[in-house]
Amino acid sequence: MTKDNLHPFSEAILSWYSSNARDLPWRQTQDPYVIWLSEIILQQTRVAQGLPYFHKLLNTFPTINHLAEADEALLFRNWQGLGYYSRARNLHKTAKLIAQKYHGLFPQTYHELVKLPGIGPYTAAAIASFSFGEAVPVVDGNVFRILARYFGIEIDIMQSSARKEFTEIAQQLIPTDYAATFNQAIMEFGSLQCSPVPNCGTCPLRLSCVAFETQRTQLLPNKSKSKAPRNRYFNYFIVVQRNKFLVRMRADKDIWQGLWEFVQHETLQVAELPDAIGPFENLLTFPTTELQAPAKHLLSHQRIFTRAWLIQVPDNVNIPVPENFQWMDAQDFENCGKPVLILNLITDNLVLHEWLHE
DNA sequence: AATTCGGGGAT
DNA sequence: ATCCCAGAATT
């Protein structure tokens, strides 16, 4: 579609955007590295939450070569608190791939971009359109919501077949000559105007919107409910000796891969102080005191109940260090990426807080 | 096709 | 409490 035969929907979206666009930093560039970085950060993440990370990461890794040559631990430390940590791992993987096999230059088409680690249909379309002007539609949560309402589409957007249907519609709507602006505009429209609780009173499209006409804006998009999160019970043991802490990096196929934590013992229900802790023989013979722990740490798919104990090992005792564990001093532990649950555990306890923040 | 990956803000 | 966020990878 060109400018001369725009769908009324597209014309209205572009017009609305010209007077309602926010001034966001990644809209001031076409540099694919900057666009890519911002899009990975913004996956399932609100603008307000991602914004400080965008500035911090771009400052720490100004170019893709900086990122490619960086220690992955530094990336995880900078990603700390943002969640979905596989994004950081794939970011590094793709940076190295582009630096080495693409001579530091991004591929310029949707088809090539979508092959890269961490870049799926949405992000490939975003980079291809914003950086290179390719007329491929972004289909994110905003686009699902707007199109479902405007065209009265009843399909459950949680079904994987839904993406295909919405992408085909969006492809019909995207102006060939204004692909980047249209993609920015439709997402901005979804964020500010056709939001989950819509502002139909001021909407320029309400007279042609099926959901508004049929009073179904509350029912669309049709989204099946996600199942209830499962409960987990994490027991942490902060083992300290000579100002060092027994810690490990999580590497199992589980949450928080690549992040660091204290000795952990998971139970099937709220646990009392156990007789033994996994691979550790006699830790509990040393002075042990319970610490205040986050009562409940909420993830989108898990509820984690936590108890924590401080175990102070006398200087002259030799503790065998199990596989994957190591003694680490406060300075080194500070530089490790940690789950927010661990950060809260530290913050909530004065002694830990003083030990671990200088 | 369904599940798993975080964390926070708005309602 | 519930929803949802500029989704992607894995099962």
Side-chain angles (χ1 to χ4, degrees), chain A residues 21-22 24-27 34-54 76 79-91 93-94 113-130 136-146 155-164 166-167 170 180 182-192 194-198 218 221 223-230 232 250 252-259 294 296-304 337-344:
Chain A
R22 288 170 294 181
L24 299 175
W26 43 84
R27 288 183 178 157
V34 180
I35 300 294
W36 169 61
L37 179 63
S38 73
E39 293 300 340
I40 301 298
I41 289 170
L42 291 169
Q43 285 170 4
Q44 291 292 285
T45 303
R46 296 172 184 280
V47 167
Q49 188 186 1
L51 205 41
Y53 285 86
F54 172 77
F76 271 91
W79 203 270
Q80 172 179 287
L82 194 55
Y84 285 164
Y85 297 94
S86 65
R87 288 185 292 177
R89 187 185 337 282
N90 285 328
L91 201 68
K93 197 182 295 182
T94 292
L113 287 163
V114 78
K115 297 176 184 173
L116 297 170
I119 298 182
Y122 164 77
T123 305
I127 300 171
S129 62
F130 299 155
V136 283
V138 292
V139 181
D140 72 334
N142 292 303
V143 175
F144 276 121
R145 186 169 58 250
I146 296 166
I155 183 176
D156 181 357
I157 64 168
M158 293 305 283
Q159 294 186 338
S160 30
S161 58
R163 167 170 295 280
K164 177 176 160 65
F166 283 90
T167 300
F182 177 80
N183 279 341
Q184 293 281 4
I186 192 169
M187 289 193 288
E188 191 79 330
F189 188 82
S191 179
L192 300 179
C194 195
S195 41
V197 178
Q218 317 288 340
K223 185 178 185 180
S224 58
K225 288 181 192 166
S226 56
K227 64 174 191 177
R230 68 165 167 146
R232 300 181 73 175
R250 293 178 65 95
D252 304 334
K253 197 169 63 180
D254 197 352
I255 56 174
W256 301 331
Q257 271 186 63
L259 302 190
K296 196 193 308 184
H297 185 78
L298 298 173
L299 308 183
S300 54
H301 57 308
Q302 298 181 13
R303 271 192 302 254
I304 302 173
K338 295 170 283 294
V340 168
L341 189 155
I342 296 295
L343 297 176
N344 288 339

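A note on names: the letters A, B, ... follow the listed sequences, proteins ahead of strands, and every chain is numbered from 1. A quick note: this is a predicted structure, and the numbers were derived from the prediction, not measured.
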Distance, rounded to the nearest Å, where [X] contributes [atom1] and [N] contributes [atom2]:
{"X": "A:Asn142", "N": "C:dC5", "atom1": "CG", "atom2": "P", "value": "6 Å"}
{"X": "A:Met158", "N": "C:dC5", "atom1": "CE", "atom2": "P", "value": "10 Å"}
{"X": "A:Ile157", "N": "C:dC3", "atom1": "CD1", "atom2": "P", "value": "12 Å"}
{"X": "A:Lys223", "N": "C:dC3", "atom1": "NZ", "atom2": "P", "value": "9 Å"}
{"X": "A:Lys93", "N": "C:dA8", "atom1": "NZ", "atom2": "P", "value": "15 Å"}
{"X": "A:Gln218", "N": "C:dT2", "atom1": "CD", "atom2": "P", "value": "19 Å"}
{"X": "A:His301", "N": "C:dT10", "atom1": "NE2", "atom2": "C1'", "value": "13 Å"}
{"X": "A:Asp156", "N": "C:dC4", "atom1": "CG", "atom2": "P", "value": "12 Å"}

Heavy atoms only, 4.0 Å cut-off, all strands: where does [X] land among base, sugar-phosphate and nothing?
{"X": "A:Val138", "answer": "nothing"}
{"X": "A:Gly190", "answer": "nothing"}
{"X": "A:Ser300", "answer": "base"}
{"X": "A:Trp79", "answer": "nothing"}
{"X": "A:Gln184", "answer": "base"}

Taken to the nearest 0.5 Å, the spacing of A:Ile304 CD1 from A:Leu341 CG works out to 6.0 Å

Rounded to the nearest 0.5 Å, how far does CG of A:Asp140 lie from CD1 of A:Ile186? 8.5 Å

Residue list, ring pair (Phe, Tyr, Trp, His ring centres under 6.0 Å) with [X], at least two apart or on another chain:
{"X": "A:Phe54", "result": "A:Trp26"}
{"X": "A:Phe189", "result": "A:Trp16"}
{"X": "A:Phe144", "result": "A:Phe166"}

Identify the heavy atoms of A:Asn183 and A:Ala125 that sit nearest to each other, and give their distance.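 Heavy-atom minimum between the residues: ND2-O, 4.4 Å.
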
Can you list the residues that meet the salt bridge (Lys or Arg N to Asp or Glu O under 4.0 Å) rule with [X], with sequence neighbours excluded?
{"X": "A:Arg232", "answer": "A:Asp254, A:Glu266"}
{"X": "A:Lys93", "answer": "none"}
{"X": "A:Lys164", "answer": "A:Glu168"}
{"X": "A:Arg27", "answer": "A:Glu188"}

Residue closer to the 5' end of DNA chain B, A:Asp254 versus A:Val197 (nearest nucleotide): A:Asp254

With DNA chain B as reference, determine whether A:Trp256 or A:Ser161 sits nearer its 5' end, using the nearest nucleotide of each.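 Its nucleotide being nearer the 5' end, the pick is A:Ser161.
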
Side-chain donor/acceptor pairs under 3.5 Å, residues 46-53 of chain A, sequence neighbours excluded:
from	atom 1	to	atom 2	distance (Å)
A:Tyr53	OH	A:Gln80	O	2.8

Using the closest heavy atom to pick a nucleotide of DNA chain C for each, name whichever of A:Lys296 or A:Val114 lands nearer the 5' end.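 First, find each residue's nearest nucleotide; the 5'-ward one identifies A:Lys296.
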
Which nucleotide span of DNA chain B, 5' end to 3' end, has atoms closer than 4.0 Å to non-hydrogen atoms of chain A?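 From 5' to 3', the first and last contacting nucleotides are B:dA1 to B:dG9.
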
Using atom P of each nucleotide, how far apart are B:dG6 and C:dT11 to the nearest Å?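 That atom pair is separated by 15 Å.
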
Inter-nucleotide P distance (C:dA6, B:dT11), Å rounded: 14 Å

Tell me, which of residues 116-125 of chain A have any heavy atom that sits under 4.0 Å from an atom in DNA chain C?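 When residues 116-125 of chain A is checked for heavy atoms under 4.0 Å from DNA chain C, the hits, listed by number, are A:Leu116, A:Pro117, A:Gly118, A:Ile119, A:Gly120, A:Pro121, A:Tyr122, A:Thr123.
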
I want to check one thing: is the phosphate of C:dC5, taken as OP1 and OP2, less than 4.0 Å away from some side-chain N or O of A:Arg145? yes

Identify, residue by residue, the members of residues 37-53 of chain A with a heavy atom below 4.0 Å from DNA chain B, and return them in order of residue number, or none.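 Contacting residues: A:Gln44, A:Thr45, A:Arg46, A:Gln49.
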
Identify, with sequence neighbours excluded, every residue that meets side-chain contact (heavy atoms from CB on, under 4.5 Å) alongside A:Thr123.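 A:Glu39, A:Ile40, A:Gln43, A:Ile119, A:Ile127.
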
Taking side chain as C-beta onward, heavy atoms only, is A:Tyr85 less than 4.5 Å from A:Gln257?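 The answer is no, as the side chains (C-beta and beyond) never meet within the 4.5 Å cut-off.
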
